[in-house]
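So you know, we letter chains A, B, ... as the sequences are listed, proteins then strands, and number each from 1. Predicted model, so just to flag it, every value in this text is computed and none were measured. Because only heavy atoms are used, hydrogens play no part in the values below, and waters and symmetry mates are left out as well, while side chains stay in.
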Number of protein chains: 2
Amino acid sequence: MVDGATQGGAKAARPLTLYRKVAADLGREISEGAYGSGGRLPAEGELAERYGVSRGTIRQALSVLRANGLVTSRRGTRRVVLRTAHVQSFGELLSFTRWARSMGEEPGGRIVRLDLDRADGTEREQLRLDDGARVCRMLRVRTLSGRPVMVERTVYPEAIGALVAELDADTVSYTVRLEEQGVLFADAQHTLDLVQADKDDAELLGCRPGEPLLRERRRSTDPAGAPIEWSEDRYLPGTVAFTVHSSATSGSLARRPGTPPA
Amino acid sequence: MVDGATQGGAKAARPLTLYRKVAADLGREISEGAYGSGGRLPAEGELAERYGVSRGTIRQALSVLRANGLVTSRRGTRRVVLRTAHVQSFGELLSFTRWARSMGEEPGGRIVRLDLDRADGTEREQLRLDDGARVCRMLRVRTLSGRPVMVERTVYPEAIGALVAELDADTVSYTVRLEEQGVLFADAQHTLDLVQADKDDAELLGCRPGEPLLRERRRSTDPAGAPIEWSEDRYLPGTVAFTVHSSATSGSLARRPGTPPA
DNA sequence: CTGTCCTAGTTGGCTGTACAACTCGATTCG
DNA sequence: CGAATCGAGTTGTACAGCCAACTAGGACAG
């Protein structure tokens, strides 16, 4: 049987479960300022009655909002709205194209290099590959309304790379295309630091060598935990900032000793 | 009645609930490599039997590990270990001192300026203060084994600032001291980007003005959602890197348009 | 008026149950 | 031998209930 997702336009949207619907609805209300910044949410029981679901389902929905940093919660009192900002989806985070469009800017890109080669030590470790395995390396410049802002170096395992190579060279978003091919991004581990532009960076971004760049290294895995890309993005100063929410109950942000810029 | 937490040595450790104990135990096993990288965890039912708790409690524990990026999970198959790295606690993230010690380095600091003043517009917005409210501003240099690595500008609301001002000027960790005074840090929103060192930064860090620095702006709130600090930290290149985990089910990381370095 | 006490309201933690959705290897069929 | 099918195993979603821990405000006593 054909996989369905390989049929072309298949989108792998997560099913709209009850708690997801409630979370989306409450999130929208909050971002519209229905409860105000610092205001209080209705009690769980009240929400359960309003939506006609059990309290457990409401709690599941609220835990999503909590993880996104929209609300606090503690024993004894109603939940409090922390912020009313729009919450970016995982897709907007992984895909430069989706991010750009969500800002109303026109994303662009140009492939500088694309080749297939044996994986080196770091690549084997990051992509969890066997000795002698091959990888697909891609070097791209990314533009915002024509202006270059980022250099992207992505390494795919051979299987994914084969899909990448089949796509048109002027494909806007490889991430979106890969998802359409059934490659699902489930988790990603990011490292953020500062580096100096090397000669390639400088030429592609139109800056001086040695110019400081904001670097994001990312390792993405599929639902089964298998690595599907290892990427290093370098942004021109002033083009991007990263925001993270962390809390005492579920922290995903950490500080590490830095690697000095080469 | 006296608050207890103001008695001095009171520590506000979260109670060790069942699911927290299980999560800690499983996390330790994972980081010790008991299941291997990419290996499979026992089934929920099996774990429930092993720990003598219900499946719901096991799922609660596993959701913690999942939020920390230690394991994946999907329907139909057992959980897979994503990484075996140590997970930093929220405390290590907020406190420079605790972070430094966890690396085996000796943290230090020197207060350059500490004053009380009317809050400006940005400060009122960030700390959610009324017009005319006052704030406590602190400027500090932070050192790692004697070497300056970071400049910290922190703004506290007046009530917190009063506690800060009472502490010895050579207090190593204000965060830890504040927690001992009953000020609990529950949530934090971070923004990471790149700036150029101004004259103060350059002098304090011993670098040239205009030198690139990695900037972390942070707004921390207490369990009630009330802001308790607004801080801007500037790190010398190569001294630090930030890591984040994000997933399709609960993303806390986002990319935003950047503010150009002044 | 001040400070203590009490209580209704609210969220956290834990258990138990039932079924749906999905994975993956074994089996069976062509 | 390859492919479709099946089924045991596993996680996801949802429901219901119970008690503990805690907050906040009102009642009350001094």
Engineer: Grab the N/O contacts between the protein and nucleotides 11-13 of chain D below 3.5 Å, and write none if there aren't any.
Structural biologist:
unit_1  : atom_1 : unit_2   : atom_2 : d
dT11(D) : OP2    : Glu44(B) : N      : 2.9
dT11(D) : O3'    : Arg74(B) : O      : 3.4
dG12(D) : OP1    : Ser73(B) : OG     : 2.8
dG12(D) : OP2    : Arg59(B) : NH1    : 2.7
dG12(D) : OP2    : Arg59(B) : NH2    : 3.3
dG12(D) : OP2    : Arg79(B) : NH2    : 3.0
dG12(D) : O4'    : Arg75(B) : NE     : 2.9
dG12(D) : N7     : Arg55(B) : NH2    : 2.8
dG12(D) : O6     : Arg55(B) : NH1    : 3.3
dT13(D) : OP1    : Tyr19(A) : OH     : 3.4
dT13(D) : OP1    : Arg20(A) : NH2    : 2.8
dT13(D) : OP2    : Tyr19(A) : OH     : 3.3

Engineer: Which pairs pass salt bridge (charged side-chain N to carboxylate O under 4.0 Å, His left out) with one or both residues in residues 86-95 of chain B, sequence neighbours excluded?
Structural biologist: none
Engineer: May I ask you to say whether Glu123(A) pairs ionically with Arg137(A), meaning some side-chain N is under 4.0 Å from a carboxylate O?
Structural biologist: yes
Engineer: Short of 4.0 Å, heavy atom to strand atom, which residues of residues 22-34 of chain A count as contacting DNA chain C?
Structural biologist: none
Engineer: Using five base pairs at each end, measure the axis-to-axis angle across the helix from dC1(C)-dG30(D) to dG30(C)-dC1(D) and round it to 10 degrees.
Structural biologist: 10°
Engineer: Are the side chain of Arg219(A) and the backbone of Gln126(A) linked by a donor-acceptor contact shorter than 3.5 Å?
Structural biologist: yes
Engineer: Measure from CG on Leu16(B) to P on dG13(C) and round the result to the nearest Å.
Structural biologist: 12 Å
Engineer: With a 3.5 Å distance limit and no angle check, can you tell me whether Asp222(A) reaches the backbone of Ala224(A) through a side-chain donor-acceptor pair?
Structural biologist: yes
Engineer: Going by side chain to side chain contact (heavy atoms under 4.5 Å, CB included), name the residues that satisfy it together with Ala100(A), two or more places apart in sequence or in a different chain.
Structural biologist: Pro107(A), Leu144(A)
Engineer: Round to the nearest Å and state the distance from Glu49(A) atom CD to dT10(C) atom P.
Structural biologist: 12 Å
Engineer: Are Arg124(A) and Asp130(A) ion-paired here, with the side-chain N under 4.0 Å from a carboxylate O?
Structural biologist: no
Engineer: Provide, to the nearest angstrom, the distance between the CZ atom belonging to Arg40(B) and the C1' atom belonging to dG25(C).
Structural biologist: 11 Å
Engineer: Using distance only, find each side-chain donor-acceptor pair of residues 32-53 of chain B under 3.5 Å and give its atom names and separation, not counting sequence neighbours.
Structural biologist:
unit_1   : atom_1 : unit_2   : atom_2 : d
Tyr35(B) : OH     : Glu29(B) : OE1    : 2.5
Glu44(B) : OE1    : Arg55(B) : NE     : 2.5
Glu44(B) : OE1    : Arg55(B) : NH2    : 3.0
Glu44(B) : OE2    : Arg59(B) : NH1    : 2.8
Glu44(B) : OE2    : Arg79(B) : NH1    : 3.0
Glu44(B) : OE2    : Arg79(B) : NH2    : 3.3
Tyr51(B) : OH     : Asp25(B) : OD2    : 2.4

Engineer: Does Thr154(B) offer a backbone N or O that forms a donor-acceptor pair with the side chain of Glu232(B) under 3.5 Å?
Structural biologist: no
Engineer: Please determine if Arg66(B) and Asp187(A) form a salt bridge, counting it only when a charged side-chain N lies under 4.0 Å from a carboxylate O.
Structural biologist: yes
Engineer: Do Arg134(B) and Glu158(B) meet the salt-bridge criterion of a basic N to acidic O distance under 4.0 Å?
Structural biologist: yes
